[in-house]
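I have placed the structure first, in the form of structure tokens, so that the comments after it can refer back to it.
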Number of protein chains: 2
Amino acid sequence: MRLTEAVHEHRVLPGMKLSEDEVGDVFGVSRTIVRQALRAMAHEGLVTIERNRGAFVAKPSVKEAREVFEARALLEPQTARAAAERATPEDVQILEAHITEEHRALAEGKAGLALKLSGSFHIEIARIADQRTIEAFIQQLVSRSSLVIALYWQRRNALCESHAHHALLDALRRNDPDAAEDLMKGHLVDLLSQLNLRETQGSVASLREALLG
Amino acid sequence: MRLTEAVHEHRVLPGMKLSEDEVGDVFGVSRTIVRQALRAMAHEGLVTIERNRGAFVAKPSVKEAREVFEARALLEPQTARAAAERATPEDVQILEAHITEEHRALAEGKAGLALKLSGSFHIEIARIADQRTIEAFIQQLVSRSSLVIALYWQRRNALCESHAHHALLDALRRNDPDAAEDLMKGHLVDLLSQLNLRETQGSVASLREALLG
DNA sequence: ATCGCAAAAATCGTATACAATAATTGCCGG
DNA sequence: CCGGCAATTATTGTATACGATTTTTGCGAT
């Protein structure tokens, strides 16, 4: 859904209220549909719903941020290993395209889009590993990581990322499970180390502006 | 929700149709509420929704069954380790109560209830580990495991289970992370080994009967 | 008797209307 | 001038109504 993308691309920020009427107006759909979408997003941890108060973009706590990366540390290295065992040339090609897109987005200054693509790289690896169940979990974790990054990221440059992804791609191309597992583990540690896990409160702008701008 | 419990206790079986009107009648609520619940259950993999056809209790394929246990194998041993590091006497007491209830349910011939309690034992361990994110994943996996068991279980006796849970409880009581991790790993392997992962098609009885009986 | 097609019934998807709850505003008293 | 209470406004929760799609049923032809 487009609202999910807006969250992934940091066009709507944690804490922002997602009024049912307002979202419905923006997308030209009824509240029924909006409610469905919001509840689905709540299930993935992207929004929190407070009874009789409405839906808000989730603001992961520091503890939750750590939990997300701990869960990723349990799931992704092993998944990268399995992916390296199974990766075909077609898979490698798809991942290459992903990285290319990611670079282009960065070059065009679209940091939000680049972040979203960077996340889908991880999801694609789970798909290559042929683990749909784990893939769904990783998708959730990547989504929530995006919120964590919106809240706790220190640097503004995401250059380090692309290097790690390149190295992972190489390991998959060589069908080298050990390398893939280690690289993924290191990559996650790197990501976590670049977070500033202290309390901050993000600013909340206008929803309509963020979606239409 | 009560419908979720009915699935966990094998009172409604995989493949059974969950008509919105019928479920609404049984519980005395509107279709709106039923739809919310069904969509939530679909998100957890308990039911599958086919557009314009309705919701059905999910029938995990053999591949999906394997995936569920592979995911559990990635998450639960580490979680048991963490739980063993943190377990307090109160935690141990809660788990003991769980096992007692489980035994009583078995003694009373309520196999479905015993199965549900056996699942909540695993979830409780994640709670003790203080990992809410992973806890939510394990909850999903336990739910889906219940469906897998309904479809692929061979023996009718679940006695082996209680022994494994006892041993795990001991490891937690002794705050022995290594033992907890190994025991959990072995427990999951045992569970998987008792499944007959060949295609079967379960019989589907009447919904209203199953819920009200 | 069986297959195919058409009409009827049932069921789901979406929109809208009404009720319940929370947030806001304005007023009054201190 | 400030704080608290009441009425108003806004927003969500739930039910219901209508349209779309699918499934079933019944009839007729082969």
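Proteins come first, then strands; the chains are lettered A, B, ... in the order of their sequence lines, and each starts at number 1.
Crowding of Arg173(A) atom CZ: a count of heavy atoms from other residues, nucleotides or ligands under 6.0 Å exceeding 12. For Glu96(A), the CD atom counts as densely surrounded, since its 6.0 Å shell holds more than 12 non-hydrogen atoms of other residues, nucleotides or ligands.
Residues satisfying the side-chain hydrogen bond (donor to acceptor under 3.5 Å, both in side chains) test with Glu64(B), not counting sequence neighbours, are Arg144(B). Scored by the side-chain hydrogen bond (donor to acceptor under 3.5 Å, both in side chains) test, Ser120(B) finds His98(B) as partners (sequence neighbours excluded). Every residue was checked against the side-chain hydrogen bond (donor to acceptor under 3.5 Å, both in side chains) condition with Arg86(B), not counting sequence neighbours, and none meets it.
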Checklist line | Contact pattern, 5' to 3', of nucleotides 8-17 of chain D - B, S or - by protein heavy atom under 4.0 Å | finding: ---SBBBBBB
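A distance of 6.0 Å or more separates the ring centres of His103(A) and His165(A).
Chain B approaches DNA chain C within less than 4.0 angstrom (heavy atoms of the protein), and the contacting nucleotides run 5' to 3' from dT11(C) to dT14(C).
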When the side chains of residues 123-131 of chain A are checked against the rest of the protein, which donor-acceptor pairs come out under 3.5 Å, sequence neighbours left out?
unit_1, atom_1, unit_2, atom_2, d
Glu124(A), OE2, Arg127(A), NE, 2.6
Glu124(A), OE2, Arg127(A), NH2, 2.6
Arg127(A), NH2, Asp91(A), OD1, 3.4
Asp130(A), OD1, Lys63(B), NZ, 3.4
Gln131(A), NE2, Glu70(B), OE1, 2.3

